[in-house]
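The structure appears right after this line, and notes come after that.
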Amino acid sequence: MNRNDLKKNSICLVKGRVGKPDLNRVEIEGHAFMVKDVRRRNFFLRWTLGLWLIQKEWKIYSRLKGLKGIPQPVERIDRFAFAMEYIPGKPILRGESLPSSFFPALEKVLREVHGRGVVHMDLRHKGNILVSEEGTPFLIDFNSSFSFREKGILRRILFPLFRWVDYGGLLKLKQRASPSSMTPEEIHFLKWFNRIRRLWIFN
């Protein structure tokens, strides 16, 4: 895949703001891909924030390669763009009827993401979780995410805190979409988390 393919076969689904990438759906030989691209940002943002975000997110998707429930990375197009698997699906709607297996499956995906030293940090945004055509969860958009090395002081200190942020975001989404499925333990955790959330910079 190259820039000519993007010009001929792409549809812009979301136009990125500031240094964030555009999201483009690209079809090549009957196959659909999602391309994240910061090439259209102005010169300064493209070579600073945009370039950093694209490199960071590509490394995170590469680190999560093979996990079920995560779009798979396909290829790096150039320094400003990369292609990944396109997931036909829709965001979760408030009060939507979901399979009973949906949130346990989503929590399993999140545990596996954490198992690879990655935190998502934006699960409160319902658009970052898709319901596939089969009714299974897909966790997308790792633009705000961080990855940690297996050893080191940041992994020991920050990683456990960031996992709480992810878990609190998941429960907030569950409360909005399927409040009747919340367990007493989850309700208690979410109440505690909401009390301290105002002290946390990553809300």
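Computed from heavy atoms alone, side chains included, the values below leave out hydrogens, waters and symmetry copies.
- The only member of Ile70, Val119, Asp122 that meets side chain to side chain contact (heavy atoms under 4.5 Å, CB included) when paired with Phe142 is Ile70.
- Clustering ILVMFWY residues whenever any of their side-chain heavy atoms sit less than 4.5 angstrom apart, transitively, puts Met121 in the very cluster that holds Ile157.
- The salt bridge (charged side-chain N to carboxylate O under 4.0 Å, His left out) analysis of residues 80-90, with sequence neighbours excluded, yields the pairs Lys90-Glu96.
- Checking side-chain atoms of Asn24 against main-chain N and O of Ser10 turns up no donor-acceptor pair under 3.5 Å.
- Counted within 6.0 Å of NZ on Lys108, heavy atoms from surrounding residues, nucleotides or ligands total 12 or fewer; the atom is thus considered open.
- Take Phe159 and apply the ring-ring contact (aromatic ring centres under 6.0 Å, His included) test, not counting sequence neighbours, and it matches Phe148.
- Applying the side chain to side chain contact (heavy atoms under 4.5 Å, CB included) test to Ser101 and every residue at least two apart in sequence or in another chain returns Pro99.
- Applying the side chain to side chain donor-acceptor pair (under 3.5 Å) rule to Thr136 yields the partners Ser132; only residues at least two apart in sequence or on another chain are considered.
- Side-chain contact between Phe146 and Leu158: absent, with no pair of heavy atoms (C-beta onward) separated by less than 4.5 Å.
- Between Leu130 and Pro137, every side-chain heavy-atom pair lies at or beyond the 4.5 Å cut-off.
- Taking the side chain as every heavy atom from C-beta outward, Leu51 and Val38 never approach each other to under 4.5 Å.
- The cluster map of Ile, Leu, Val, Met, Phe, Trp and Tyr, joined by side-chain heavy atoms under 4.5 Å apart, puts Ile60 and Trp52 in different clusters.
- Gly127 approaches Pro91 most closely through the heavy-atom pair CA-CB, 4.2 Å.
- Put simply, the side chain of Ile87 does not reach to within 4.5 Å of the side chain of Met34, judged on heavy atoms.
- With contacts defined as side-chain heavy-atom distances shorter than 4.5 Å, the pair Leu171/Phe189 qualifies.
- The two atoms that bring Gly19 and Leu45 nearest to each other are N-CD1, 4.2 Å, heavy atoms only.
- Counting only distance, with no hydrogens or angles, the side chain of Glu75 and the backbone of Pro73 share no donor-acceptor pair below 3.5 Å.
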Inset, instruction - Take Glu186 and Leu190 through the test side chain to side chain contact (heavy atoms under 4.5 Å, CB included) and record every step on the way to the result. - result: CA-CA 6 Å; Glu186 289 173 339; Leu190 189 57; over 6 Å; no
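- Interatomic distance, CZ of Phe103 versus OG1 of Thr183, reported as 12.5 Å (0.5 Å rounding).
- Applying the salt bridge (charged side-chain N to carboxylate O under 4.0 Å, His left out) rule to Glu27 yields the partners Arg25; only residues at least two apart in sequence or on another chain are considered.
- The minimum heavy-atom distance linking Pro71 with Tyr61 is given by the pair O-CD2, 3.5 Å.
- Following chains of ILVMFWY side-chain contacts shorter than 4.5 Å, one can reach Val18 starting from Phe44, so the two form part of one hydrophobic cluster.
- Using bins of under 30°, 30° to 60° and over 60° for the plane-to-plane angle, the ring pair Phe82/Trp58 lands in the tilted bin.
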Legend entry - Residue pair Leu170, Leu106: steps toward the side chain to side chain contact (heavy atoms under 4.5 Å, CB included) verdict: CA-CA 8 Å; Leu170 184 150; Leu106 178 59; 3.9 Å; yes
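- Listed here is the closest heavy atom pair of Asn143 and Pro21: ND2-CD, 3.7 Å.
- For Asp37 and Arg3, the salt-bridge test passes: some basic side-chain N is under 4.0 Å from an acidic carboxylate O.
- With sequence neighbours excluded, the residues satisfying side chain to side chain donor-acceptor pair (under 3.5 Å) with Asp22 are Arg41.
- Ile129 and Leu98 fall within the same hydrophobic cluster, where Ile, Leu, Val, Met, Phe, Trp and Tyr residues are linked whenever their side-chain heavy atoms come under 4.5 Å apart, directly or through other members.
- Within the structure, side-chain hydrogen bond (donor to acceptor under 3.5 Å, both in side chains) contacts touching residues 150-167 (residues at least two apart or in different chains) are His114-Asp166.
- Applying the side chain to side chain contact (heavy atoms under 4.5 Å, CB included) rule to Arg116 yields the partners Leu64, Leu67; only residues at least two apart in sequence or on another chain are considered.
- To the nearest 0.5 Å, atoms OG (Ser145) and CG (Asn128) are separated by 8.5 Å.
- Placement of Phe162 and Leu154 within a single hydrophobic cluster is found when ILVMFWY residues are connected by side-chain heavy-atom separations under 4.5 Å, directly or transitively.
- The minimum heavy-atom distance linking Ile54 with Ala81 is given by the pair CG2-N, 4.1 Å.
- Within the 4.5 Å cutoff, no side-chain heavy atoms of Arg79 are placed close to those of Arg46.
- Proximity of Leu23 to Asp141: side-chain heavy atoms (C-beta onward) are nowhere separated by under 4.5 Å.
- Listed by chain and number, the residues in a side chain to side chain contact (heavy atoms under 4.5 Å, CB included) with Ile28 are Met1, Asp5, Asn9, Val26, Phe33 (sequence neighbours excluded).
- For the salt bridge (charged side-chain N to carboxylate O under 4.0 Å, His left out) condition, the pairs that include at least one residue of residues 53-73, sequence neighbours left out, are Lys36-Glu57.
- The structure places SG of Cys12 at 11.5 Å from CG of Leu6, a figure rounded to the nearest 0.5 Å.
- Remark: Ser181 pairs with Lys174, Ser178 by the side chain to side chain contact (heavy atoms under 4.5 Å, CB included) rule, at least two apart or across chains.
- Among residues at least two apart or in separate chains, ring-ring contact (aromatic ring centres under 6.0 Å, His included) pairs with a member in residues 62-81 are Trp47-Phe80.
- Listed here is the closest heavy atom pair of Val131 and Gly135: CG1-CA, 3.8 Å.
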